[in-house]
Amino acid sequence: MRIDAISIFPDYFAPLDLSLPGKARRAGLVDFTAHDLRGWATDRHRTVDDTPYGGGAGMVMKPEPWGEALDAVCTDAAVLIVPTPSGAPFTHADAVDLSGAEHLVFACGRYEGIDQRVIDHAATRWQVREISLGDFVVNGGEVAALAIIEAVVRLIPGFMGNPESLAEESHADGLLEYPVYTKPAHWRDLDVPEVLLSGDHGRIAAWRREQSRARTRQRRPDLTHDAGE
Ligand SMILES: COc1cc(COC(=O)c2cn[nH]c2)cc(-c2cccnc2)c1
């Protein structure tokens with residue numbers, strides 16, 4: 001998978017040099033490049049924003065630099081992802097879907113957003129996904145792109161050392177994950193639940209399913225449905 005990110009802060013993606021282990025890159029599983037949007041801003045001051053038509057606070061990202069950048073970076077197979085508060089909620093199912101993509105391009109907006117015509121024009125040439133990580137606002141799409149990249153790349157076959165753990169994890173079955181414990185069995189007058197020490201794998205699996213269901217009911221009633229029964 002090829003991944004590109006376009007941003008006025010390309011150094012924001014330096015952590016991927018740590019988190020995308022060398023083996024993933026060496027094995028050709030993932031090839032990541034961050035690009036500076038200002039490289040496509042042609043005026044003397046390399047301007048990427050301007051005041052909004054219709055008035056209002058803040059600035060809007062100009063269409064010209066984005067148009068040139070996307071023309072240069074996107075291949076025909078590109079899926080253009082725009083992290084934005086006004087996007088569709090990002091889910092595990094989306095991560096699974098995107099993990100099969102050939103090319104992901106992240107357009108990281110700043111200021112009040114990107115001129116809508118950039119998205120509209122891109123949609124005539126590539127698949128465009130405007131994605132939200134939640135009902136909150138951060139100053140730029142970079143931090144959301146980092147989270148989406150990690151959620152997607154870890155699902156690529158061969159990336160994770162222990163693929164079995166992916167099948168069991170939170171949201172894979174529509175439920176929240178059960179609580180986990182490790183040694184010591186007794187810590188600050190707290191004990192590990194006895195069932196987990198019993199060696200009775202049937203009881204353990206039943207206890208974990210019930211824990212997942214209880215947590216989901218309590219913390220995420222919006223996820224509660226019969227499928228998890
Ligand atoms: C592309 O347009 C954007 C992108 C972002 C950064 O992304 C997020 O905040 C986000 C992504 N998932 N959940 C939140 C922020 C704004 C923005 C800023 C201030 C006022 N209004 C809008 C605009």
Side-chain angles (χ1 to χ4, degrees), residues 1 3-16 19-20 32-41 46-74 78-99 101 103-155 170-171 176 219-223:
M1 176 185 291
I3 304 178
D4 292 279
I6 305 168
S7 163
I8 57 172
F9 296 121
D11 292 348
Y12 210 104
F13 293 93
L16 288 181
S19 66
L20 288 185
F32 177 80
T33 308
H35 307 266
D36 186 345
L37 176 67
R38 292 191 195 280
W40 288 280
R46 306 184 78 183
T47 311
V48 294
D49 64 308
D50 205 332
T51 54
Y53 276 118
M59 304 289 272
V60 173
M61 299 192 97
K62 292 171 60 62
E64 301 98 321
W66 276 109
E68 297 304 314
L70 295 177
D71 288 353
V73 172
C74 292
V79 177
L80 178 64
I81 298 172
V82 186
T84 171
S86 57
F90 184 65
T91 67
H92 181 73
D94 294 322
V96 172
D97 181 40
L98 292 174
S99 68
H103 188 195
L104 300 182
V105 178
F106 288 84
C108 300
R110 287 253 150 194
Y111 309 106
E112 300 303 305
I114 302 172
D115 186 299
Q116 185 58 40
R117 291 168 294 180
V118 173
I119 312 298
D120 296 346
H121 185 268
T124 67
R125 301 172 66 185
W126 306 290
Q127 193 188 143
V128 176
R129 308 271 290 264
E130 293 186 79
I131 289 177
S132 166
L133 286 197
D135 297 332
F136 57 86
V137 177
V138 286
N139 290 330
E142 291 83 3
V143 64
L146 279 172
I148 295 166
I149 289 169
E150 178 136 341
V152 169
V153 168
R154 64 194 296 276
L155 297 176
S170 242
H171 298 288
L176 302 186
R219 298 179 185 177
R220 292 294 306 274
D222 59 303
L223 292 181

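Each ligand, and each atom within it, is numbered from 1 in the order the structure gives.
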Give the atom numbers and elements of ligand 1 that come within less than 4.0 Å of a heavy atom of G141. 6 (C)

Closest non-hydrogen protein atom to atom 2 (O) of ligand 1, residue and atom name please, with distance? G113 CA, 3.5 Å

Can you report which non-hydrogen protein atom sits closest to atom 6 (C) of ligand 1, along with the distance? G140 C, 3.3 Å

Would you mind checking which non-hydrogen protein atom is closest to atom 14 (C) of ligand 1, with the distance to 0.1 Å? F136 O, 3.0 Å

Name the one of R110, R38, H35, E142 that satisfies side chain to side chain donor-acceptor pair (under 3.5 Å) with S7? E142

State, yes or no, whether a side-chain contact exists between I3 and V152 at a heavy-atom distance under 4.5 Å. no

What atoms of ligand 1 come closer than 4.0 angstrom to any heavy atom of S132? 12 (N), 13 (N)

Closest protein heavy atom to atom 18 (C) of ligand 1, given as residue, atom name and distance to 0.1 Å: Y111 O, 3.2 Å

If the condition is ring pair (Phe, Tyr, Trp, His ring centres under 6.0 Å), which residues does F13 pass it with, not counting sequence neighbours? F32

Nearest neighbour of atom 4 (C) of ligand 1 from the list A57, G134, P83, on a heavy-atom basis: P83

Suppose we measure from atom 21 (N) of ligand 1 to each protein heavy atom; which comes out shortest, and what is that distance? E112 OE1, 3.8 Å

Write out the residue and atom name of the closest protein heavy atom to atom 16 (C) of ligand 1, then the distance separating them to 0.1 Å. P85 CD, 3.7 Å

Apply salt bridge (Lys or Arg N to Asp or Glu O under 4.0 Å) to the pair R129 and D97, showing each step before the final yes or no. CA-CA 12 Å; R129 308 271 290 264; D97 181 40; 3.1 Å; yes

Looking at T47 and D49, would you say the former's side chain and the latter's main chain have a donor-acceptor pair under 3.5 Å? no

Proximity to ligand 1 by part of R110, non-hydrogen separation under 4.0 Å: neither

Under 4.0 Å from any heavy atom of L133, which atoms of ligand 1 are there? 12 (N), 13 (N)

Could you pull out, from V138, T84, V118, the option with a heavy atom nearest to atom 15 (C) of ligand 1? V138

For atom OH of Y53, is the number of surrounding heavy atoms from other residues, nucleotides or ligands below 6.0 Å larger than 12? no

Quick one: do D71 and R125 make a salt bridge, cutoff under 4.0 Å? yes

Side-chain donor-acceptor distances from residues 114-124 under 3.5 Å, at least two apart:
residue: D115; atom: OD1; partner: R117; partner atom: N; Å: 2.8
residue: D115; atom: OD1; partner: R117; partner atom: NE; Å: 2.9
residue: D115; atom: OD2; partner: R117; partner atom: NE; Å: 3.4
residue: D115; atom: OD2; partner: R117; partner atom: NH2; Å: 2.6
residue: Q116; atom: NE2; partner: D120; partner atom: OD1; Å: 3.0
residue: T124; atom: OG1; partner: H121; partner atom: O; Å: 2.5

